[in-house]
Amino acid sequence: MQLTMKQEVASKKVFIRTLGCQMNEHDSARLKDLLTERGYAVCDSPESADAVIFNTCSVRKHAEDRVYGKVGTLAKLKAKKTGLIIGIIGCMAEARRDEIFRRLPIVDFLCGPGDLDKVPDIIDKIKAGAGHIMCLEGYKSKIIPGFSKERKTGEKAYVKIMEGCDNFCSYCIVPYVRGRERSRPSKDILNEIKKLINNGVKEIILLGQNVNSYGRGLKEKIDFVGLLGKIDNLVSTSGGPGYVKVGFFTSHPKDAGPELFKAMRDLNSIIKILHLPIQSGSDKVLKRMNRKYTVAKYKKLAGDYRKIVKGGNISSDIIVGFPGERESDFKGTLNVVKELQFDAAYIFKYSPRPGTKAAKFKDDVTLEEKERRHALLLGLQRDILVSKRR
Ligand code: SAH
Ligand code: SF4
Ligand code: F3S
């Protein structure tokens with residue numbers, strides 16, 4: 001039987017599995033739209049797919065191990081299903097470019113977070129017999145593409161306001177896999193938000209590794225507080241005040257301050273949640289992490305926030321077992337967590353990332369000790385949350 005063009009197109013199916021942070025969730029959503037426009041249907045299992053794509057994270061070794069494990073289990077399926085294409089995209093494709101094809105010969109292509117627009121063409125080329133394809137370092141481009149007109153969303157949508165990071169915290173892989181920090185022109189952001197509101201979105205989350213430095217390097221003169229003002233104005237004139245809510249993360253303590261907190265207090269549409277990672281409660285460790293603030297400065301910021309944004313929430317990220325973290329440093333972290341009573345805290349065990357500065361430091365806190373510190377902090381934070389709910 002001869003297939004018509006239409007039937008042929010509708011038979012292409014792609015399965016996308018997203019691991020990692022909200023940036024990756026956002027990128028996967030955009031990729032799904034791109035592939036749908038090229039005639040793919042998104043399906044919900046690798047077994048029914050013609051192409052299986054993993055959007056991956058490299059922030060800790062555990063995240064990479066999961067990908068090796070999950071993709072490895074597809075070997076049987078690939079052997080059974082001729083023509084099945086397997087791709088690894090996102091941060092780990094950049095970070096582990098030298099080893100993925102060797103460790104996972106069933107993978108057909110790698111594509112970095114800055115090259116996702118090329119995925120449909122890559123799949124076509126592989127179908128035509130191109131063999132392994134690697135498409136990396138698109139993060140060197142200054143352009144941050146937005147969604148197409150046909151963007152599909154539910155009631156909540158992410159909007160990327162910037163990409164990359166220039167902070168080079170010594171433990172972190174993100175600047176190496178997402179490139180230098182660049183901001184999207186406010187006009188593009190506002191247009192995207194307008195479309196989302198017209199499509200019925202009720203909650204918008206602005207994304208950036210360090211939203212407080214928004215605007216650096218743009219031709220227009222604008223900063224993050226200015227952008228929030230424009231967005232609030234747009235939201236309150238199109239959906240009615242308080243109708244569409246706007247959140248954002250992540251904030252860096254070296255760049256956040258009272259101006260931002262006043263905007264959070266005064267602008268109706270802005271959600272009063274501040275994600276402000278402290279990472280450690282020891283000045284010595286913070287310095288080695290290249291975080292560029294002290295515990296005292298962080299405490300002052302958190303105090304200002306609570307004073308200005310009445311009823312606002314504050315959440316944090318913390319790393320335990322960073323190289324050189326002694327018991328006294330860890331006690332500093334316990335103390336600051338006790339004192340600041342975060343509304344949420346995400347606690348991670350330090351994981352050396354090849355290529356980062358900290359990977360050259362001796363990873364001298366044993367796994368047992370990292371686990372002990374992790375459990376202690378988790379327990380403390382749980383107690384804090386229980387006492388807050390009372
Ligand atoms: N741009 C954001 C998010 C970075 S990744 C920020 O600056 O906060 C999210 C969190 O993962 C970080 O805040 C940090 O706590 C944690 N993290 C990053 N690299 C890590 C590593 N090598 N080991 C353990 N945790 C890490
Ligand atoms: Fe990583 Fe630091 Fe940049 Fe956050 S601010 S992405 S932790 S380098
Ligand atoms: Fe996000 Fe992981 Fe990349 S945290 S930016 S998906 S390394």
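Atoms within a ligand are numbered from 1 in the order they appear, just like the ligands themselves. Just so we're clear, the structure is a prediction, and the values are computed from it rather than from any experiment. Heads up: numbering here begins at 1 and tracks the sequence.
Ring to ring, F147 and H26 are close: their centroids are under 6.0 angstrom apart.
Neighbours of atom 1 (Fe) of ligand 3 restricted to protein N, O or S atoms under 2.8 Å: the count is 1.
Under 3.5 Å, the side chains of E220 and S186 contain a donor-acceptor pair of N or O atoms. Counting only N and O atoms by type, the side chains of R38 and Y40 include no donor and acceptor under 3.5 Å apart. For the 3.5 Å distance criterion, the side chains of Q279 and Y171 qualify, holding a donor opposite an acceptor. A donor-acceptor contact closer than 3.5 angstrom links the side chains of K202 and Y243. Defined by atom type and a distance below 3.5 Å, a donor-acceptor pair is missing between the side-chain atoms of K152 and N199. T18 and N55 are not linked by any side-chain donor-acceptor pair at a separation below 3.5 angstrom, with hydrogens and angles left out of the test. Side-chain atoms of S315 and H275 form a donor-acceptor pair, as typed in the model, at a separation below 3.5 Å.
Proximity of R291 to ligand 2, defined as any heavy-atom pair under 4.0 Å, is confined to the side chain (atoms from C-beta onward). Within the 4.0 Å heavy-atom criterion, the part of C165 lying near ligand 2 is the side chain and not the backbone. Of the heavy atoms in M92, none comes closer than 4.0 Å to ligand 3.
Near V174, the atoms of ligand 2 lying under 4.0 angstrom from a non-hydrogen atom of the residue are 6 (S). Taking every non-hydrogen atom of F168 and a distance limit under 4.0 Å, the qualifying atoms of ligand 2 come out as 8 (S). Each of the following atoms of ligand 2 lies closer than 4.0 Å to a heavy atom of C172: 1 (Fe), 6 (S), 7 (S), 8 (S). Close approach of ligand 3 to Q209 is summarised as follows: ligand atoms under 4.0 Å from at least one heavy atom of the residue are 5 (S). Close contacts between ligand 2 and P175 involve ligand atoms 8 (S) [criterion: under 4.0 Å to a heavy atom]. Taking every heavy atom of N167 and a limit of under 4.0 angstrom, the matching atoms of ligand 2 come to 5 (S).
Closest heavy-atom approach to atom 8 (S) of ligand 2 among the candidates G208, S170, C169: C169.
With hydrogens left out, the protein atom closest to atom 4 (Fe) of ligand 2 is Q209 O, 4.4 Å, a heavy atom. Considering only non-hydrogen protein atoms, atom 7 (S) of ligand 2 sits nearest to Y171 OH, 3.4 Å. Here the heavy atom of the protein found nearest to atom 7 (S) of ligand 3 is S58 N, 3.3 Å.
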For Q209 and T250: C-alpha separation, side-chain torsions, deciding distance, then whether side-chain hydrogen bond (donor to acceptor under 3.5 Å, both in side chains) applies. CA-CA 6 Å; Q209 299 298 345; T250 296; 5.6 Å; no

Apply salt bridge (Lys or Arg N to Asp or Glu O under 4.0 Å) to residues K284 and E325 and explain how you reach the verdict. CA-CA 9 Å; K284 181 192 92 191; E325 185 188 72; over 6 Å; no

Checking side-chain hydrogen bond (donor to acceptor under 3.5 Å, both in side chains) for the pair N268/D232: CA distance, chi angles, key distance, verdict? CA-CA 7 Å; N268 247 334; D232 181 70; over 6 Å; no

Which protein N or O atoms sit under 3.5 Å from any N or O of ligand 1? Give each pair with its distance.
unit_1	atom_1	unit_2	atom_2	d
ligand 1	1 (N)	Q209	O	2.9
ligand 1	1 (N)	Q209	OE1	2.7
ligand 1	11 (O)	R60	NH1	3.2
ligand 1	13 (O)	Q279	NE2	2.8
ligand 1	13 (O)	D317	OD2	2.6
ligand 1	15 (O)	Q279	OE1	2.7
ligand 1	17 (N)	R60	NH1	3.4
ligand 1	22 (N)	Y171	O	3.1
ligand 1	22 (N)	S351	O	2.8
ligand 1	23 (N)	S351	N	3.0
ligand 1	25 (N)	R60	NH1	3.1

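Checking V225, L274, D266 one by one against F261, the side chain to side chain contact (heavy atoms under 4.5 Å, CB included) holds for a single residue, L274.
Closest approach of S282 to D329, counting heavy atoms only: OG-OD1, 2.8 Å.
Between H132 and F101, the two ring planes are parallel [angle under 30°; tilted spans 30° to 60°].
With respect to D166 and R180, a salt bridge is recorded, a charged nitrogen being found less than 4.0 Å from a carboxylate O. Of the charged side-chain nitrogens involved, none lies within less than 4.0 Å of a carboxylate oxygen, so that E64 and K61 do not count as a salt-bridged pair.
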